[in-house]
Protein chains: 2
Amino acid sequence: MQSNPVVRSITNRFVKPVSDQLGSPELYSKPCDACFQKSNCLARSLELDDFRRYSRAVSQSKRMAKGHYLYRLSDPFEALFMILSGSVKSCRLDEEGNELIVGFHIPGDLLALDAIGGRSYPSSAIVLEDCFVCKIPYRLFDERFSDSPRLHSELIRQAAQALRSEHLHSVFLRKNPADERLALFLADLSRRLESRNYACDRFDLSLSRRDIGNYLGLALETVSRSFSRLQDAGLITVRHRHIVIHDRQHLEILGRGCAESGPNVRRVQCNG
Amino acid sequence: MQSNPVVRSITNRFVKPVSDQLGSPELYSKPCDACFQKSNCLARSLELDDFRRYSRAVSQSKRMAKGHYLYRLSDPFEALFMILSGSVKSCRLDEEGNELIVGFHIPGDLLALDAIGGRSYPSSAIVLEDCFVCKIPYRLFDERFSDSPRLHSELIRQAAQALRSEHLHSVFLRKNPADERLALFLADLSRRLESRNYACDRFDLSLSRRDIGNYLGLALETVSRSFSRLQDAGLITVRHRHIVIHDRQHLEILGRGCAESGPNVRRVQCNG
DNA sequence: CGGCTGTTTGACTTGTATCAATTTGAGTGG
DNA sequence: CCACTCAAATTGATACAAGTCAAACAGCCG
């Protein structure tokens with residue numbers, strides 16, 4: 001794990017906007033060729049013809065301010081979103097109207113995969129840090145509009161990857177104690193940041209303790225205490241939302257429940 | 001919720017085998033047109049030409065005996081599977097080699113979606129009740145072999161549906177007490193059985209208490225106690241693996257955490 | 001500066017895991 | 001058909017991780 005000497009915030013603009021006014025979503029011209037997330041783009045393997053068509057259809061990136069919605073639960077489904085910069089959480093609602101966070105997304109992530117096949121979005125996407133996003137109209141994948149097999153393959157790959165991630169998430173929500181959940185969350189986030197070329201050993205969390213607890217199935221107080229314990233163990237340094245990772249490998253080992261350090265070795269059994 | 005007067009086991013053979021020997025997987029001729037799961041099939045919306053090609057590629061259904069593997073973790077990925085009859089669990093392994101169940105599947109379900117895009121299966125599929133399965137070579141979806149947009153659309157739909165189910169599963173693993181998890185599990189299973197035209201108010205579970213606990217993030221003893229409590233509340237009758245559902249709607253309400261019955265109303269808070 | 005929100009820490013409570021003992025059921029073989 | 005064996009399920013007693021309640025503290029912003 002090597003990090004850049006300078007910490008780059010994921011709110012940095014990867015794409016220079018034409019205009020610079022913040023607020024409600026605005027349009028910017030953004031040729032796909034110049035996009036910083038080209039390597040994660042669905043269109044990365046397209047032939048020139050198909051790529052041009054794709055590029056024309058998505059050639060606009062929206063700037064979204066913190067707190068705004070990319071889309072709302074039960075809005076009609078019309079597009080996927082790729083995050084170019086910033087961060088986003090996606091959430092459902094329970095019966096009492098509480099948010100249930102189902103995803104925490106960083107640049108390079110594709111959003112709204114869970115909406116495919118339905119008429120409306122089954123979740124909302126809320127901007128945590130000012131974002132640039134690329135809006136990908138779903139009709140691009142519609143047989144009536146286009147039939148680029150490569151584009152389809154790329155999409156199904158991404159969906160399968162998302163499914164695998166969900167499996168992992170659901171598995172470690174089952175029995176792992178609080179510290180392990182948090183450790184794995186941090187290690188996983190660090191890895192994802194690294195794979196997108198961000199600093200992975202120090203970053204600012206855009207999620208509150210409450211949101212982290214929500215996502216990990218813990219009370220916010222428990223999250224706070226777990227942060228303290230991980231810090232006491234020397235694995236991280238935490239000051240409010242600023243995190244420094246000292247030993248990601250150890251975090252991962254702890255997160256996988258293979259911890260053998262200290263007196264607190266007991267694992268909760270899963271009965272098989 | 002209406003059920004058939006006669007309980008039909010999901011081990012019933014929907015497709016008559018040519019030969020009848022049980023044991024290691026054998027081949028049976030099975031024209032897709034006569035398939036009982038045609039309505040759930042990926043090929044259901046294909047034009048005649050594409051359907052024929054599809055049918056030729058998958059025109060064989062395997063019989064698999066209880067305890068056998070449809071595929072194993074880290075086997076090379078080559079095919080998806082549709083369950084025609086019987087039931088199957090899919091599971092990953094943790095570091096200690098324990099099973100972690102990520103799915104419980106009944107006829108009409110499509111398996112191995114999570115393997116797409118990788119070289120090998122990320123999970124194993126184990127037969128719980130003798131099965132007939134349809135093996136769908138993944139090359140059917142490969143651009144080099146075919147480029148039927150409809151088939152792709154169907155696949156991505158199924159994947160998105162699986163993703164939504166996983167979101168729901170992960171959400172209710174977070175904070176819901178044992179009784180709610182079990183209630184929702186039973187109600188959901190009942191609904192799925194109903195949608196596949198099986199008896200939904202009485203069935204035999206092919207999962208053990210241990211497996212259910214594993215899937216729901218509970219100890220097997222807790223599962224057993226929850227069964228007893230649901231029975232005491234008059235919602236179900238349970239005798240070992242045989243379940244009778246008396247009030248599915250109430251089970252669902254309970255499962256969603258909106259319970260107001262009895263003294264045990266307290267919900268575990270999720271802190272928002 | 002207040003007012004507000006988010007975070008930390010402490011004290012107490014509780015749901016469920018764990019350990020342990022019993023009962024039931026299925027399968028096997030005489 | 002009845003014993004025997006083994007796995008699965010039930011039920012009870014106890015312990016502990018994490019939830020809840022509460023209070024103090026730190027940042028942030030108009």
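What you see is a predicted model; the values in this text were computed from it and never measured. Every chain is numbered from 1 and lettered A, B, ... according to where its sequence line falls, protein lines coming before strand lines. Note: hydrogens, waters and symmetry copies are ignored here, and every other heavy atom, side chains too, is used.
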**Request:** Starting at NZ of Lys62(B), measure out to CG of Leu84(B) and round the result to the nearest 0.5 Å.
**Result:** 13.0 Å

**Request:** Among the candidates dA9(D), dC21(D), dG19(D), find the nucleotide nearest to the side-chain atoms of Ser208(B).
**Result:** dA9(D)

**Request:** Grab the CG-P distance between Leu220(B) and dA8(D) for me, whole Å please.
**Result:** 10 Å

**Prompt:** Is any side-chain nitrogen or oxygen of Arg241(A) closer than 4.0 Å to OP1 or OP2 of dG6(C)?
**Reply:** no

**Message:** Side chain of Leu218(B) only, heavy atoms from C-beta on: which candidate in dT24(C), dA17(C), dG19(D) is closest?
**Reply:** dA17(C)

**Message:** Using whole Å, what does the distance between atom C1' of nucleotide dG19(D) and atom CG of Asn176(B) come to?
**Reply:** 14 Å

**Message:** Rounded to whole Å, please give me the gap between CZ in Arg210(A) and C1' in dT8(C).
**Reply:** 14 Å

**Prompt:** In terms of the angle between their ring planes, are Phe185(A) and Phe104(A) parallel, tilted or perpendicular, with boundaries placed at 30° and 60°?
**Reply:** tilted

**Request:** Side chain of Arg209(A) only, please: which of dT8(C), dA26(D), dA8(D) is the nearest?
**Result:** dT8(C)

**Request:** For Arg181(B), answer base if it contacts any base atom (sugar-phosphate contacts may also be present), sugar-phosphate if it contacts only those atoms, and nothing otherwise; contact means non-hydrogen atoms under 4.0 Å.
**Result:** nothing

**Most 5' of Ala178(A) and Val238(B) on DNA chain D, judged by nearest nucleotide** = Val238(B)

**Asked** Between Tyr121(B) and Phe81(B), what is the ring plane arrangement, given parallel below 30°, perpendicular above 60°, and tilted in between?
**Response** tilted

**Fill in**
Of dG6(C), dT18(C), dA22(D), the nucleotide closest to the side chain of Glu221(B) is dT18(C)

**Request:** Could you check how far NE2 of His242(B) sits from P of dA26(C), rounded to whole Å?
**Result:** 13 Å

**Message:** OP1 or OP2 of dA17(C) versus the side-chain N and O atoms of Thr222(B): is any pair under 4.0 Å?
**Reply:** yes

**Asked** Can you tell me how far C1' of dT5(C) sits from NZ of Lys66(A), to the nearest Å?
**Response** 11 Å

**Complete:** Per nearest nucleotide of DNA chain D, the residue lying toward the 5' end, His240(A) or Ser228(B), is Ser228(B)

**Request:** Calculate the interatomic distance between Phe227(A) atom CZ and dG6(C) atom P; express it in whole Å.
**Result:** 15 Å

**Prompt:** Looking only at side chains, do Ser170(B) and Arg174(B) share a donor and an acceptor under 3.5 Å apart?
**Reply:** yes

**Item:** Spacing of Gln231(B) atom CD relative to dT10(D) atom P, expressed in whole Å
**Value:** 9 Å

**Asked** Counting just side-chain N and O atoms, does Arg239(A) come under 4.0 Å of either OP1 or OP2 of dG27(D)?
**Response** yes

**Prompt:** What does Ser224(A) touch in the nucleic acid at a heavy-atom separation under 4.0 angstrom: a base, only the sugar-phosphate, or nothing?
**Reply:** base

**Message:** Between P on dA9(D) and CG on Asp204(B), what's the gap in Å once rounded to a whole number?
**Reply:** 12 Å

**Message:** Under 4.0 Å, heavy atoms only, any strand: does Arg225(B) hit a base, just the sugar-phosphate, or nothing?
**Reply:** base

**Message:** Counting neighbours of CD on Gln249(A) that are heavy atoms of other residues, nucleotides or ligands and sit closer than 6.0 Å, is the number greater than 12?
**Reply:** no

